[in-house]
There are 2 protein chains.
Amino acid sequence: MKDITSQQNKVLNCIQVYIKKTGFPPTRADICRELGFKSPNSAETHLRALEKKGFIAIESGTSRGISIINPEIEHDGNDYPIIGLVAAGSPTLAAENVEKVFNCPQGFFGSNFDYFLRVRGLSMKDAGIMEDDLIAVKKTQDIKNGDIVIARIDDEVTVKYFHRHSPKIVHLQPANEEFSNIEIDLEHTELFIEGKSVGLIREN
Amino acid sequence: MKDITSQQNKVLNCIQVYIKKTGFPPTRADICRELGFKSPNSAETHLRALEKKGFIAIESGTSRGISIINPEIEHDGNDYPIIGLVAAGSPTLAAENVEKVFNCPQGFFGSNFDYFLRVRGLSMKDAGIMEDDLIAVKKTQDIKNGDIVIARIDDEVTVKYFHRHSPKIVHLQPANEEFSNIEIDLEHTELFIEGKSVGLIREN
DNA sequence: CATTATACTGTATATATATTCAGTATTAAT
DNA sequence: ATTAATACTGAATATATATACAGTATAATG
């Protein structure tokens, strides 16, 4: 991150305060009013400098299209997206997959997490994971045997217990007698671990 | 807070997701694009309804002037006590029974609730309620058949399904084959309903 | 010394955006 | 039976806003 001048810093602070106060970013004219500039171009040039230095992003042709780039806080907020667990396809954070956002204190489940996954089916019933429950998913590859993982096999997403039997063989175990074990030979089948469950929420 | 319709809820979620994604609120046209409306007035009317009901604030004459109102900030009830489910004794809100307090937005589970109850035992296992889970309890006497209730029988507190068989007979059903039904004759035994479960949280 | 970045004022304008008006249709409440 | 609320389409418009262009001035850089 490059240097910031004192005037640019004033503008950056002004944007942050404005968003905190109103809930949306300022216009060029708003910035002028707050900082006493008499020309909207004063704000414009400062914004372009801040953009060039990577402090903010400006959406072209968009009113109030300023967003603050905060690299140190990835999951700053309290709003976590709820992703639907579709039978096929990966549960990415793309907008079309986001059911809604759920307000929840950070570190709610001890460790941090990235999103909620809406559970479909009863394959983890005996682990107390029921249909429509929300699993708090932490995106990580740090998996231990017995962890409940969110795994993707050929675009099929599933929630199961993880058990590594040998370097090449992984078992994905359901917690329901009616479902059978999935045995995966990593040499022949690609297995991607989206993350693991660190908590659960049920809304009645 | 008044009721919200499903379409209005979609719009509200859309706004939250849009802000999360872009850093600034959507325009009427943005909402139309996200939700498939063909007229900006569709978004406008939904926004006005949400404003009227107190979910959002709209700054007049201001582009993207939408801000989401968070009622849990005004009502300071963010800290909910966790009560241990002791074999004997009532789970009152008395200080000695409070394990710790848990920070959680109000209205987290749709309806409001009063405290968390730490579950002991596996009598509700098949309902997905496991040992050490936290049940969100709403203190109410408004119980329907099939609700999961927190009941007290002679200082014994238990979590079970509620089924009224006749004006005088109530069945408290576990969700575990290894436990048996509790049949209560209200003429001979006193039954007090502490409240019902409106949600569940599991910390892994 | 020419160049570049900073730091402004001031004017102008295409367009992004809120917002009103005119309709249609369905459902719930009084 | 009538009102009110919901849920839209479609068009029109005043204005809010981004953004380019024309200047002036200072300080730092190579």
Side-chain angles (χ1 to χ4, degrees), chain A residues 1-19 21-69 95 99-100, chain B residues 1-19 21-69 110:
Chain A
M1 191 73 64
K2 286 184 190 166
D3 292 351
I4 194 168
T5 68
S6 79
Q7 282 302 89
Q8 285 163 9
N9 194 40
K10 269 188 192 171
V11 173
L12 186 58
N13 288 336
C14 169
I15 296 166
Q16 288 180 290
V17 168
Y18 193 98
I19 291 173
K21 208 167 56 180
T22 67
F24 42 85
T27 64
R28 276 58 165 172
D30 290 330
I31 295 170
C32 290
R33 204 174 309 112
E34 294 284 332
L35 299 178
F37 301 151
K38 286 177 184 171
S39 169
N41 196 39
S42 303
E44 179 70 21
T45 50
H46 280 136
L47 289 174
R48 294 300 162 185
L50 285 167
E51 185 191 32
K52 204 174 172 185
K53 291 178 178 177
F55 290 96
I56 63 171
I58 301 174
E59 191 68 22
S60 167
T62 303
S63 70
R64 303 176 186 274
I66 304 166
S67 50
I68 289 169
I69 295 166
E99 255 181 53
K100 62 176 188 173
Chain B
M1 190 74 65
K2 288 186 188 165
D3 291 353
I4 194 168
T5 69
S6 78
Q7 282 302 90
Q8 285 162 10
N9 194 39
K10 268 189 193 169
V11 172
L12 186 57
N13 289 335
C14 170
I15 296 167
Q16 287 181 284
V17 168
Y18 193 99
I19 292 173
K21 205 167 60 181
T22 66
F24 43 86
T27 65
R28 275 58 165 173
D30 290 330
I31 295 170
C32 290
R33 205 175 308 112
E34 296 282 335
L35 299 179
F37 300 151
K38 287 178 184 167
S39 169
N41 195 38
S42 303
E44 178 71 21
T45 50
H46 281 135
L47 289 174
R48 293 300 163 186
L50 285 167
E51 184 192 32
K52 202 175 172 186
K53 291 178 177 176
F55 290 96
I56 62 170
I58 301 174
E59 191 70 21
S60 166
T62 302
S63 71
R64 302 176 188 275
I66 304 166
S67 50
I68 289 168
I69 293 165

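Note that these values count all heavy atoms, side chains included, but never hydrogens, waters or copies made by symmetry. Keep in mind that this is a model prediction, so the values were computed, not measured.
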Inset, instruction - Would you give the length of the straight line joining atom OH of A:Tyr18 to atom CZ of A:Phe24, rounded to the nearest 0.5 angstrom? - result: 5.0 Å
Inset, instruction - Answer yes or no: is there a side-chain heavy-atom contact under 4.5 Å between A:Ile69 and A:Ile56? - result: no
Inset, instruction - Could you tell me the separation between the CG atom of A:Asn13 and the NZ atom of A:Lys10, rounded to the nearest 0.5 Å? - result: 10.0 Å
Inset, instruction - Measure the distance from CD1 on B:Ile66 to P on C:dA16 and round it to the nearest whole Å. - result: 18 Å
Inset, instruction - Please determine if a side-chain N or O atom of B:Gln8 lies less than 4.0 Å away from the OP1 or OP2 oxygen of D:dA7. - result: yes
Inset, instruction - Starting from P on C:dA5, measure out to CG on A:Leu47 and report it in whole angstrom. - result: 18 Å
Inset, instruction - Using atom NZ of B:Lys10 as one end and atom P of D:dT6 as the other, report the distance to the nearest whole Å. - result: 16 Å
Legend entry - Close side-chain approach of B:Phe37 and B:Gln7, heavy atoms under 4.5 Å: yes
Inset, instruction - Using whole Å, report how far CG of A:Asp30 lies from C1' of D:dT17. - result: 10 Å
Legend entry - Distance, nearest 0.5 Å, that separates CD of B:Glu51 from CD1 of B:Ile58: 4.0 Å
Inset, instruction - Give the rounded distance in Å between these two atoms: CZ of A:Arg64 and C1' of C:dT15. - result: 16 Å
Inset, instruction - Please collect all salt bridge (Lys or Arg N to Asp or Glu O under 4.0 Å) contacts where either partner lies in residues 57-67 of chain A, sequence neighbours excluded, each pair once. - result: A:Asp30-A:Arg64
Legend entry - From B:Cys32 atom SG to B:His46 atom NE2, the distance as rounded to the nearest 0.5 Å: 10.0 Å
Legend entry - Phosphate-side-chain proximity, B:His46 and D:dT6, N/O vs OP1/OP2 below 4.0 Å: no
Inset, instruction - Kindly calculate the angle separating the two end axes of the helix from C:dC1-D:dG30 to C:dT30-D:dA1, each obtained from five base pairs, and round it to 10 degrees. - result: 30°
Legend entry - Any B:Lys53 side-chain nitrogen or oxygen under 4.0 Å from OP1 or OP2 of D:dA5: no
Inset, instruction - Starting at atom CD1 of A:Ile31, determine the distance to atom C1' of C:dA7, rounded to an integer number of angstrom. - result: 15 Å
Inset, instruction - Look at the side chain of A:Thr5 and decide which nucleotide, out of D:dG10, C:dA7, D:dT17, has an atom nearest to it. - result: C:dA7
Legend entry - Distance test, side-chain N/O of B:Thr45 to OP1/OP2 of D:dT6, below 4.0 Å: no
Inset, instruction - Let me have a per-nucleotide readout for nucleotides 19-29 of chain C, 5' to 3', with B, S or -, counting only protein heavy atoms under 4.0 Å. - result: BBBB-------
Legend entry - Minimum-distance nucleotide to B:Thr27 side chain [options: C:dT17, D:dT9, D:dA7]: C:dT17
Legend entry - Distance in Å, B:Lys52 NZ paired with B:Leu47 CG, rounded so as to fall on 0.5 Å steps: 14.5 Å
Legend entry - Comparing B:Ser42 and B:Ser63 on DNA chain D - which has the more 5′ nearest nucleotide: B:Ser42
Legend entry - Spacing of B:Lys38 atom NZ relative to D:dC8 atom P, expressed in whole Å: 12 Å
Inset, instruction - Please name the residue in the list B:Ile15, B:Thr27, B:Leu50 that meets the side-chain contact (heavy atoms from CB on, under 4.5 Å) test with B:Ile66. - result: B:Ile15
Legend entry - Under 3.5 Å donor-acceptor, A:Ser42 side chain and A:Pro40 backbone: no
Inset, instruction - Starting from P on C:dT6, measure out to CZ on A:Phe55 and report it in whole angstrom. - result: 12 Å
Inset, instruction - Verify the contact: side-chain N or O of A:Gln7 to OP1 or OP2 of C:dC8, cut-off strictly under 4.0 Å; return yes or no. - result: yes
